[in-house]
Amino acid sequence: MAEFAPSVLRTLHGLFAVYKAPGVHWKLVRDQVETNLLKELNALKQRAPRHQIRFLPAGTEGGNGVQLTRVPTAVPVLADHVLVKGPAFTRLLVGAGHRLDVQSSGVFVLGYGHGNKLLTDMYNSHFTRDYTVRGRFGKATDDFTEPGKTIEKTTYSHITREKLERILAVIQGSNHKALIMHSRVDLKSQEAYELAVEGKLRPMVKSPPIILGVRCLEFSPPDFTLEIQCMHETQQYLRKMIHEIGLELRSSAICTQVRRTRDGPFTLDCALLRTHWDLRSIQRAITECKARSDEVSRGNPNTMRETEAAEGPVPEPISGAEGEGDLRA
C-alpha cells in the first residue's frame with residue numbers, strides 16, 4: 001500500500017548531515033537534496049481530488065419513449081488533477097548549517113521544518129568543529145591553495161616533525177589564552193571550574209577564530225597532515241594558518257585539503273554520501289540523529305535560560321566577573 005505523502009513529509013522535521021565533496025558549492029548540495037526529496041514525495045499517494053455535485057443529463061424510459069432528465073452526480077474537480085495543477089510539492093525549505101566553501105569537504109548539516117529552528121540553536125550554541133587539514137612545504141601561492149598562483153618556492157629539508165610540533169604547541173598555547181579571554185568567566189569562580197572539568201569552557205558569543213587543539217597526524221615531507229579542533233573559523237582561515245606555519249619554520253607551505261570531520265555533535269559516521277540522498281535514507285538519518293538534535297537544543301544558551309526559568313531560580317556561583325578583551329589568536 002502506497003504511503004500518504006503529507007504523512008511522510010511530517011517525518012522529515014529535524015536535522016541530518018550529508019557529506020559534501022570538494023569542488024561543489026554548498027548551495028548545489030542543498031538543492032540536490034531538495035530535488036531528490038520533492039521527486040520522491042510527489043511519487044507517493046497524494047490527497048484525493050475534491051468532488052462537486054453536477055446535474056448531468058441521463059436518459060429514462062417512459063410511456064412516450066426515452067426522456068432526458070438531469071441527475072445530480074458527484075464528479076472530481078478537474079482543477080485538482082495533477083495534469084492541471086502540477087505536482088503537489090514544488091518547494092521544500094531545506095536549511096543549511098555551518099557552510100563549507102567550494103574547495104572544502106566533509107560534514108554538512110541540513111534541516112527541514114523544525115530542523116531550521118535547531119540550526120539557529122546550533123549557531124547560538126557555539127559548538128566546536130574538527131578538521132583534517134593537509135599541507136605541503138616548499139611552495140607559497142596567492143590564495144594558500146595548490147591551484148593558486150605560485151609566488152614563492154623554498155627549501156624544506158631542514159624541517160623535522162619535532163620542529164613542526166613545537167610550532168603547533170605555541171599556536172595552541174596562544175589560542176588557549178584567547179579562549180579564556182573571550183569566554184568572559186572569572187577563572188577563580190566555581191562556574192569556570194565546572195566548565196573546565198566538563199570541557200565546555202568556550203565563548204558563548206561571536207569571537208575571532210580560536211584553535212582549541214592541533215596535532216600532527218602524519219609527517220612525510222613535503223606533505224603533512226594536521227587535526228585541528230576550532231570554533232568560529234572559516235576554511236580560508238585554516239589555509240592561512242598552514243601558510244603561517246610554513247613561515248614560522250623558515251619555509252613556505254600551501255594547503256592541499258580541508259576536510260571537516262565533526263560539526264558539533266554531527267560526525268562523519270552519520271553523514272550521508274551522495275548515493276544515499278534519498279527519502280528513506282534521510283528519514284532514517286533524522287531518526288538516528290534525534291539524540292544529536294536534542295544536544296543541539298540543550299547547548300543553546302537561550303534554551304538553557306528558558307529551562308532554568310521554568311525549573312526555578314538556580315543558586316548563584318561562588319564568585320563571578322565579566323571581562324572584555326581583544327586578543328588575536
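FYI, side chains are in, hydrogens and waters are out, and symmetry mates aren't considered; it's all heavy atoms of this structure.
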| said: Would you say that more than 12 heavy atoms from the other residues, nucleotides or ligands in this model lie under 6.0 Å from the NZ of K206, or not? | reply: yes

| field | More than 12 heavy atoms of other groups within 6.0 Å of R280 CZ | value | yes

Would you say the side chain of [Y] lies within less than 4.5 Å of the side chain of [X], judging by non-hydrogen atoms?
X    : Y    : result
V24  : F108 : no
Y112 : L9   : yes
V33  : W277 : yes
L38  : T35  : no
S105 : L100 : no
R260 : R129 : yes
M241 : I228 : yes

| message | Evaluate F219 against E162 for side chain to side chain contact (heavy atoms under 4.5 Å, CB included), listing each step before the verdict. | response | CA-CA 10 Å; F219 183 79; E162 290 73 19; over 6 Å; no

| request: Determine, step by step, whether D294 and R298 satisfy the salt bridge (charged side-chain N to carboxylate O under 4.0 Å, His left out) criterion, reporting the C-alpha distance in whole Å, the side-chain angles of both residues, the deciding distance to 0.1 Å, and the verdict. | output: CA-CA 6 Å; D294 293 341; R298 290 193 303 268; 5.1 Å; no

| So does E165 pair up with R161, basic N to acidic O under 4.0 Å? | yes

| request: Please assess Y237 against I211 for the test side chain to side chain contact (heavy atoms under 4.5 Å, CB included), listing each intermediate value before the final yes or no. | output: CA-CA 11 Å; Y237 175 83; I211 305 297; 4.0 Å; yes

| query | Hey, is the main chain of H158 close enough, under 3.5 Å, to the side chain of K163 for a donor-acceptor pair? | reply | yes

| query | Roughly how far, to the nearest 0.5 Å, is CG of L279 from CZ of R284? | reply | 10.0 Å

| query | Looking at Q229, E233, R259, which hits side chain to side chain donor-acceptor pair (under 3.5 Å) with Y131? | reply | E233

| query | If you group Ile, Leu, Val, Met, Phe, Trp and Tyr whenever their side-chain heavy atoms sit less than 4.5 Å apart, what else falls in with L56? | reply | V75

| Candidate pair T225 and Q257, rule side chain to side chain contact (heavy atoms under 4.5 Å, CB included), full reasoning | CA-CA 9 Å; T225 304; Q257 183 190 60; over 6 Å; no

| remark: All heavy atoms of V94 vs all of R30, minimum pair found to be O-CD, 3.1 Å

